[in-house]
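For reference, the structure discussed in these notes is given below.
Everything quoted here is computed from the prediction, not taken from an experiment.
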Amino acid sequence: MTTQSLSTHFSVKRRYLRSVNLERDIRNPAAVKGYVLTQRSCDAISRIFKPLSEDQGNRAWTVTGPYGSGKSAFAQFLISLLGEKSDPCTKAANETVSEYKDSALSKIVSDAQKKDGYVCAVATATREPVSHTVLRALLRGAEDFWVNSSRRRNPVMKKLEDLQAKLENDEQIESKEVLSLVKKVAEASNTGLLIVIDELGKNLEYCSSKNSEDDIYLLQQIAELSAKQSEEKILLIGLLHQTFSDYANTLTIKQKKEWAKIQGRFEDIPFVGSSGELIRIIGQAIEPPAKKKLQKEIQLKSELWFEELSKNEYSSFESVESLKRVCPLHPVTALILPLLCRKYAQNDRTLLTFLTSKEPSSFSVFLEQEQVNGGAPPTLKLHRLYDYFVEAAGAGIYSRPQYQRWVEVQSRISEAKELEPFAVCVLKTIGILNLASSSGQMRATKGLVTLALCEDPKDKKEIDKCQKQIDELIDNKLITYRRQLDELRIWEGSDFEIDDAVDKAIQSDNSSLPELLEKLLPLTPMIAQRHSYVTGTLRFFECQYSSDLSKLNPIDQSSDGLIVYWVSESEPERIESDTKSGKPLIVLKTDEIEKL
């Protein structure tokens, strides 16, 4: 029987071969086709589109999620839905909504759409003022809306180009000029204006470093403009990796409060997907085989696996069909891959890189290397996933808090290279499960490790081989078995969890800030030097930290006064000139308590 490589039958759809770049792909239908609607993206679309159809509610949003979580791809899809109805991107997006078969979502989208579409003003921010980014977005959106269509060139274009020319000549532009153009573009469109700023955090970093309150205030002004109920709708969406406050670490408490007010004008939409949603993306990305016989083999094997995983409560698969679509990934690999990408890498981005890249041990390389000879195809198992993360994704792991645990696992496996290849595969399988999850159903139980190493969950010969190898590794003390948890661990040591103990110790320390400072940075007395020089009499003041002036008194009765460093965020209600014992009192305070 002739054998063929798996790449003859399986491939990854072209749409997933590169990341979405909003400015580059804004009018590219290929970047929209194949977008996978998940529960998180449907919820986000509903929250943004409902106020448009009902003419009430918020119209300024931040979409917040970690690196690689698919925010840009979501924004690209959202922009396409609000484009001109005849535009190929809008048609492709509408087809995706129809195929999702959610009548409520379809109605919300349909009610929000307009025949001529919105002016879609899109820009990817750099470390620059907000006004510069918004101006670039307006110019790009206006050019697409008026120049690249049969519509008459609008006079507002001239004002946008003049302002952009000033910017290119390093001339200052006022935020109020940009705000005025936002209104004019929305009015001139007769439909509405959508402003989308990708990497908005870059603007916030710039504003934080420059203490530029006026510039970030432009965001509040546009958000307030969006909230006004008018015929010309203005929508503002910013894509962020973290909240506003996380970009304001270097600011004073007063400035942070101002930033918090601005953030309050935006409705935040968290954008973090579940494992089930990422499994759907994997299934959508893999092109299934066309051969009927191979399809039948995969169907039979998928039914067996779905039954086995459901019986043991391991499965995040919605149906046999969803499990079948991830083939030739091993079912356990498909369950663990999203956990690893979230914990050690960049979420959806790393997942798709694993599927599409030519890096060692990647999915695409597996398809080229492995053969199928007429039966069910071989599957990519967890030990290969371990190799991929060590060789390709390893550099990014070094900056993670869990790095030490990864090093322990990797060191142990590196030392065991004299073992038989299958024994090393078992070690890698246990190691990757240890790293992915130390609790819940997906921990490295004997049952799950055995299933992860088998092609067929009902093959007794395969199962016995795996269990025998696990027992040998335990006997040789290469792995430990935590009987009370039914868990295999690849590193030595007791059941004592150091990280948990440290967290508990931190939580149990109820010391106040003055008490902590006294322990870590005790104060020394301060001598009144000028008085000593002038009078020849040595006088010194005792120094203390405090957040309660009612209890103050010098501890050293020989001191001539007391200096208090006030370490509370609230102002003292009343400051006396003397202590209770009648000695002079000086209180020093700072606005930077949060930094301390």
Side-chain angles (χ1 to χ4, degrees), residues 3-13 16-19 68 278-279 281-283 285-287 326-372 377-398 400 402-403 405-437 442 444 448-449 451-455 466 490:
T3 60
Q4 294 176 313
S5 75
L6 285 176
S7 59
T8 307
H9 304 283
F10 297 90
S11 61
V12 179
K13 292 176 184 175
Y16 298 94
L17 295 178
R18 65 175 185 173
S19 302
L278 292 181
I279 288 170
I281 292 173
I282 295 170
I286 298 173
E287 195 79 65
V326 303
C327 185
L329 280 181
H330 190 284
V332 179
T333 303
L335 293 171
I336 293 299
L337 178 57
L339 299 177
L340 286 172
C341 290
R342 280 212 306 265
K343 195 169 183 179
Y344 295 103
Q346 292 189 11
N347 302 284
D348 306 28
R349 184 178 298 155
T350 301
L351 186 149
L352 294 175
T353 301
F354 168 72
L355 294 178
T356 59
S357 75
K358 296 297 182 182
E359 294 169 318
S361 303
S362 70
F363 179 72
S364 294
V365 172
F366 171 79
L367 294 181
E368 292 171 0
Q369 291 175 344
E370 295 297 321
Q371 308 288 317
V372 61
T379 56
L380 189 153
K381 298 186 181 67
L382 281 181
H383 56 82
R384 188 176 182 110
L385 194 62
Y386 172 87
D387 291 337
Y388 174 80
F389 270 81
V390 168
E391 294 177 24
I397 294 166
Y398 300 147
R400 300 274 169 164
Q402 305 92 340
Y403 168 59
R405 182 164 289 182
W406 188 281
V407 169
E408 289 174 5
V409 172
Q410 190 178 345
S411 300
R412 192 67 177 206
I413 291 173
S414 298
E415 292 166 2
K417 285 189 175 175
E418 73 283 354
L419 295 175
E420 293 292 322
F422 183 67
V424 175
C425 289
V426 175
L427 278 178
K428 289 179 178 179
T429 301
I430 296 168
I432 204 76
L433 285 170
N434 288 164
L435 292 164
S437 177
M442 300 313 294
L448 185 59
V449 172
L451 286 175
L453 290 158
C454 293
E455 285 288 357
C466 294
I490 201 167

> Looking only at atom types and distance, does a side-chain atom of S364 sit under 3.5 Å from a main-chain N or O of L355, one as donor and one as acceptor?
Replying inline: yes

>> How close do I279 and A334 get, counting heavy atoms only, and between which atoms?
In response: CG1-O, 3.6 Å

> Any side-chain heavy atom of L278 sitting closer than 4.5 Å to one from L337?
Replying inline: no

> Under the side chain to side chain donor-acceptor pair (under 3.5 Å) test, which residues partner S357, sequence neighbours left out?
Replying inline: E359

>> Suppose we screen for side chain to side chain donor-acceptor pair (under 3.5 Å). Which residues come up paired with S411, at least two apart in sequence or across chains?
In response: none

>> Looking at every heavy atom in both G431 and V409, which two are closest together, and how far apart are they?
In response: CA-CG1, 3.7 Å

> How long is the span from the CG atom in L448 to the CD1 atom in I336, to the nearest 0.5 Å?
Replying inline: 6.5 Å

>> Please find the pair of heavy atoms, one from Y386 and one from I432, that lie closest to each other, and give the distance.
In response: CA-CD1, 3.7 Å

> Taking the side chain from H330 and the backbone from L453, do they hold a donor-acceptor pair closer than 3.5 Å?
Replying inline: no

>> As an exercise, state the distance from CD of E368 to NZ of K358, rounded to the nearest 0.5 Å.
In response: 3.5 Å

>> Any heavy-atom pair between the side chains of K381 and T429 that's under 4.5 Å?
In response: no

> Would one find more than 12 heavy atoms of other residues, nucleotides or ligands at under 6.0 Å from atom CD of E418?
Replying inline: yes

> Between R384 and V365, is any pair of side-chain heavy atoms under 4.5 Å apart?
Replying inline: yes

> Looking only at heavy atoms, which two atoms of C327 and F10 are closest? And how far apart?
Replying inline: O-CE2, 3.6 Å

>> Looking at every heavy atom in both S362 and L380, which two are closest together, and how far apart are they?
In response: O-CD1, 4.4 Å

> With F354, which residues qualify under ring-ring contact (aromatic ring centres under 6.0 Å, His included), at least two apart?
Replying inline: Y388

>> Suppose we screen for side chain to side chain donor-acceptor pair (under 3.5 Å). Which residues come up paired with Q371, at least two apart in sequence or across chains?
In response: none

> Does any donor atom in the side chain of S7 or S5 lie under 3.5 Å from an acceptor atom in the other side chain?
Replying inline: yes

> Any donor and acceptor pair, going by atom type alone, linking the side chain of N434 with main-chain N or O of I490 inside 3.5 Å?
Replying inline: yes

>> Rounded to the nearest 0.5 Å, what separates atom NZ in K428 from atom CG in D387?
In response: 3.5 Å

> In chain order, what residues pass the ring-ring contact (aromatic ring centres under 6.0 Å, His included) check against H383, with sequence neighbours excluded?
Replying inline: none

> Which value, rounded to the nearest 0.5 Å, describes the distance between L329 atom CG and L385 atom CG?
Replying inline: 8.5 Å

>> Going by side chain to side chain donor-acceptor pair (under 3.5 Å), name the residues that satisfy it together with E287, two or more places apart in sequence or in a different chain.
In response: none

> Does any non-hydrogen side-chain atom of F363 lie less than 4.5 Å from one of P328?
Replying inline: yes

> What is the distance from atom CG of L433 to atom CG of L340, rounded to the nearest 0.5 Å?
Replying inline: 8.5 Å

